[in-house]
Amino acid sequence: MTTAMNDGRQADTERRRTRVTSAITTARREGSPLTTSAIARAARVDRTFLYRHRDLLDALHTAAHEPATPSRTGPTVTSASLQADLANAGARSARLAARVQQLEARLSKALGDEIWQFSGLGPPADVAELNSRITRLEQSNVELTRALEERQAELEAARAANRDLTRALNQKS
């Protein structure tokens, strides 16, 4: 009797193994998920059956990492291509987040400057023009002061010459 039971168990195990292999092949062909739970559900076996039969689990993992059979609808999708797409999407997300932070900082500064000007607390808008005018006026002031000093020196020299001439004329008479 134990032989009949063992034969029955072996036959049941073989039927389950066949169903699992068939479920893996069907899932690859249809592009269905190749996960332990999905294959166990499709083969009508418990997940522990797959874990007890390492060769079936290895076949499932191998099938999950291989490209699916080519279909006529578009390019094949593998877990490696999906992982690459996910990594690219993550990198793009990080770049976009950095750009958003940069734009938020620029907007905050622009709005802050605008409010500062509008409130009247900040310097007038034409500060640069006023600063350049002050510089020009100071330069003109320096030039005029120098010219005045030169004229005063000339005037003093003319007065001294006039006094000398007046003395010379007064001494002749």
Next on the checklist: To the nearest 0.5 Å, what is the distance between CD on Q101 and CG on L96?
Outcome noted: 12.0 Å
Item to check | Nearest-0.5 Å distance, OG1 of residue T36 to CZ of residue R41 | outcome: 11.0 Å
Item to check | Separation of R54 CZ from L60 CG (nearest 0.5 Å) | outcome: 11.0 Å
Checklist entry - Going by the salt bridge (charged side-chain N to carboxylate O under 4.0 Å, His left out) test, which pairs reach into residues 95-110, not counting sequence neighbours? => result K109-D113
Item to check | Heavy-atom check, side chain of L137 versus side chain of R133, under 4.5 Å | outcome: yes
Checklist entry - Is the closest basic N to carboxylate O distance between R146 and E143 below 4.0 Å? => result no
Checklist entry - Do other residues, nucleotides or ligands put more than 12 heavy atoms under 6.0 Å from the CD atom of E129? => result no
Checklist outcome for this item: Here the gap from R15 atom CZ to R44 atom CZ, rounded to the nearest 0.5 Å, amounts to 11.0 Å
Item to check | Q152 and L148, any side-chain heavy atoms less than 4.5 Å apart | outcome: yes
Checklist entry - Where is the tightest heavy-atom contact between I24 and L56, given as atom of each residue plus distance? => result CD1-O, 4.1 Å
Checklist entry - Which atoms form the tightest heavy-atom contact between D46 and T48, and what is the distance? => result OD2-OG1, 2.5 Å
Item to check | All ring pair (Phe, Tyr, Trp, His ring centres under 6.0 Å) counterparts of H53, not counting sequence neighbours | outcome: F49
Next on the checklist: Please find the pair of heavy atoms, one from L50 and one from L57, that lie closest to each other, and give the distance.
Outcome noted: O-CB, 3.6 Å
Checklist entry - Say you draw a straight line from CD1 of I134 to CD of Q139; how long is it, rounded to the nearest 0.5 Å? => result 14.0 Å
Checklist entry - Quick one: side chain to side chain contact (heavy atoms under 4.5 Å, CB included) partners of S140, sequence neighbours excluded? => result L144
Checklist entry - Does some side-chain heavy atom of T13 sit less than 4.5 Å from a side-chain heavy atom of R17? => result yes
Checklist entry - Among R16, R9, Q10, which one satisfies side chain to side chain donor-acceptor pair (under 3.5 Å) with D12? => result R16
Next on the checklist: Show the nearest heavy-atom pair for residues R47 and A40, with the distance to one decimal.
Outcome noted: CG-CB, 3.9 Å
Next on the checklist: Within this structure, what is the OG1-CD distance for the pair T145 and E150, rounded to the nearest 0.5 Å?
Outcome noted: 11.5 Å
Item to check | Which atom of P33 lies closest to which atom of I39, heavy atoms considered | outcome: O-CD1, 4.4 Å
Checklist outcome for this item: What one should report as the nearest heavy-atom pair of L34 and A27 is CD2-CB, 3.5 Å
Checklist entry - Short question: side chain of S22, backbone of T18 - any donor-acceptor pair under 3.5 Å? => result no
